[in-house]
Amino acid sequence: MSTNTPAVLIEKLKVIVGDKYTLTKPSQTLLYRKGVRFGEGDALAVVLPGTLVEQWQVLKACVEADVIVITQSANTGLTGGSTPDGNDYDRPIVIVSTRRLDGVQVIENGEQVVCLPGSTLFRLEKELKKYQRGPHSVIGSSCIGASVMGGICNNSGGALIQHGPAYTQMAVFAQLDEKGELHLVNHLGIELGDDPETILNNLQNHTYTDIDIKRDAGLGHDHNYRDHVRKIDADTPARFNADPELHYEASGSAGRLMVFAVRLDTFPLEEDTAVFYIGTNDTSELDDIRRHILGQFDNLPVSGEYIHRDAFDIAAVYGKHIFLAIQKLGTDVIPRLYAFKGVVDRIASKIPFFPNNFSDRFAVTVCKILPKHLPKSIRDYRDRYEHHLILKMADNGIAEAAAFLKEYFQNKKGSYFCCNDKEAEAAMLHRFATAGAATVYRSVHRKTVEDLVALDIALRRNDKQWFETLPDSISQHFIHKLYYGHFFCSVFHQDYIAKKGTDCAKVEEEMLKILDQRGAQYPAEHNVGHLYHANDDLKNFYHQLDPTNSFNPGIGKTSKKKFWH
């Protein structure tokens with residue numbers, strides 16, 4: 001038997017991680033081969049290493065066997081960028097899942113952290129609270145269970161206005177050079193040893209001291225964003241994935257490297273916060289508010305989340321179970337509930353008379369008979385106003401916002417109120433639930449829904465016509481159009497629920513042409529995956545990182561062939 005056959009590789013992988021963590025049956029690997037919304041393909045195996053050294057050894061075996069490697073963190077991406085896409089690759093694929101490699105190491109008195117590949121935003125946020133600090137991002141419901149590593153590798157944005165896209169210049173990663181030789185690079189700014197296995201072993205076991213940590217090893221977040229987002233008259237978007245200014249080794253690499261750890265800055269938690277709920281039927285009023293706050297306030301908001309009435313309504317029904325689960329059980333339990341959901345759906349799919357996506361259908365049905373979960377004040381604003389803005393301010397910014405809003409709305413059509421604790425929690429949870437509502441709607445209404453057309457876009461900062469009006473030729477294809485987003489960064493998530501029989505790819509092409517005419521950038525924070533074309537800057541970055549095209553080839557609709565042929 002040849003020493004380079006798939007069968008030999010699988011046996012090597014089993015020796016490294018064990019039979020239990022080397023998955024080869026299609027039924028076992030489906031969870032890893034299929035994206036949350038898009039993307040699916042075959043894989044020779046899915047491997048789940050339990051240590052960083054095992055992860056390195058798995059990678060070495062895959063390189064020796066000349067197979068494609070897709071490194072996967074939580075598989076929560078919305079553009080199919082962490083799974084195979086189709087079966088037209090020129091080499092077998094091995095998916096290396098890092099779910100077992102959870103680890104958050106707090107350093108520098110809580111001002112920085114080192115995160116291993118499987119660490120989640122849930123875990124990071126929980127660890128940092130002990131130090132009265134917070135992470136770069138807070139979890140969004142479109143990515144429940146999302147990993148820290150996934151955020152960095154995709155330059156993901158988020159709801160927190162002051163932090164900008166996820167970014168670091170400090171990481172440990174493996175890279176193939178143009179000759180196909182594998183190297184482990186330690187740019188973490190921490191002395192860990194010389195050879196790969198020593199480095200990774202010391203890293204995982206945190207066998208380093210303060211003396212080993214360099215203080216000036218690089219940036220741990222984008223220090224310019226607070227000033228950048230204030231440039232309200234700029235003819236460019238504030239942030240988007242393909243911005244070459246924020247592509248640096250692991251940051252924005254999108255699987256073109258195998259990343260073992262990243263070092264990140266943390267942020268002090270606010271001492272006091274307040275949430276203002278704003279409603280209007282005039283989009284120019286929200287634009288006035290955005291421009292005044294970014295241009296004139298001394299204190300930037302913590303967040304400013306927009307919801308359109310239609311998105312509000314869909315989330316009230318199809319996101320209610322997420323809302324209630326978090327409200328009653330807390331965020332810690334959500335990843336476990338989603339894992340349980342996956343088990344239920346797999347079991348239900350094998351029972352002939354059970355519908356597909358049984359768990360979503362069951363949850364929505366049960367929630368319909370439960371009492372209304374949103375406070376009356378918020379429901380009243382839903383009836384009165386089409387456009388909603390949830391503005392969160394902190395510390396000195398609270399009084400600044402209260403004074404401005406009181407004066408601004410004296411002669412305007414819209415209105416606002418300062419939320420009590422219950423209203424603030426409900427407003428934020430409802431926005432949280434909005435992001436996943438379209439996916440649940442699709443699951444429940446498979447007979448009438450063809451699919452989702454899901455866009456996340458970054459508009460020009462000086463674009464006052466920010467609310468989309470589609471021509472009838474496109475709008476006629478949709479049952480619902482859901483608009484929500486991070487308003488002060490001019491980043492919008494737009495989920496279109498398409499009627500049965502719609503050619504979604506063709507409709508999306510027409511919509512992207514309109515966005516091009518508007519000077520928008522897309523995607524804004526979920527990366528190109530297998531849905532969008534990578535621009536020339538992004539292609540060049542990927543080529544530089546991965547000259548043999550062996551790590552996650554094909555993303556950005558680039559070549560899937562070895563050496564980019």
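Bear in mind the structure is a predicted one, so any value in this text is a computation, not a measurement.
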Any idea how W466 and H387 line up, ring-wise: parallel (<30°), tilted (30 to 60°), or perpendicular (>60°)?
perpendicular
Show your working on salt bridge (Lys or Arg N to Asp or Glu O under 4.0 Å) between D227 and R230 and close with a plain yes or no.
CA-CA 5 Å; D227 295 327; R230 285 185 179 272; 5.4 Å; no
Are the side chain of [X] and the backbone N or O of [Y] linked by a donor-acceptor pair below 3.5 Å?
X	Y	result
E400	F297	no
D243	E245	yes
R518	L459	no
R256	H543	no
K320	L370	yes
T168	R263	yes

Under the criterion side-chain hydrogen bond (donor to acceptor under 3.5 Å, both in side chains), which of D282, D288, D287 is the partner of S284?
D282
Y522: which of D456, L515, L455, L531 passes side-chain contact (heavy atoms from CB on, under 4.5 Å)
L515
Y416 and side-chain contact (heavy atoms from CB on, under 4.5 Å): which partner among T280, L391, L405, L389?
L405
Going by atom types alone, do [X] and [Y] pair a side-chain donor with an acceptor below 3.5 Å?
X	Y	value
R461	T236	yes
E423	S377	yes
T273	K392	no
Y318	D360	no

Ring centroid separation for Y483 and F467, is it under 6.0 angstrom?
yes
Measure from the ring center of H430 to the ring center of Y277 and say whether it is less than 6.0 Å.
no
Validate the cation-pi geometry between R384 and Y381: distance from NZ or CZ to the six-membered ring centre under 6.0 Å, angle to the ring axis within 45°.
yes
Salt bridge present between [X] and [Y] (N-O < 4.0 angstrom):
X	Y	value
D380	K376	yes
R215	E108	yes
E525	R239	yes
K513	D516	no
R431	E305	yes

Rounded to the nearest 0.5 Å, what separates atom CG in L538 from atom OH in Y532?
13.5 Å
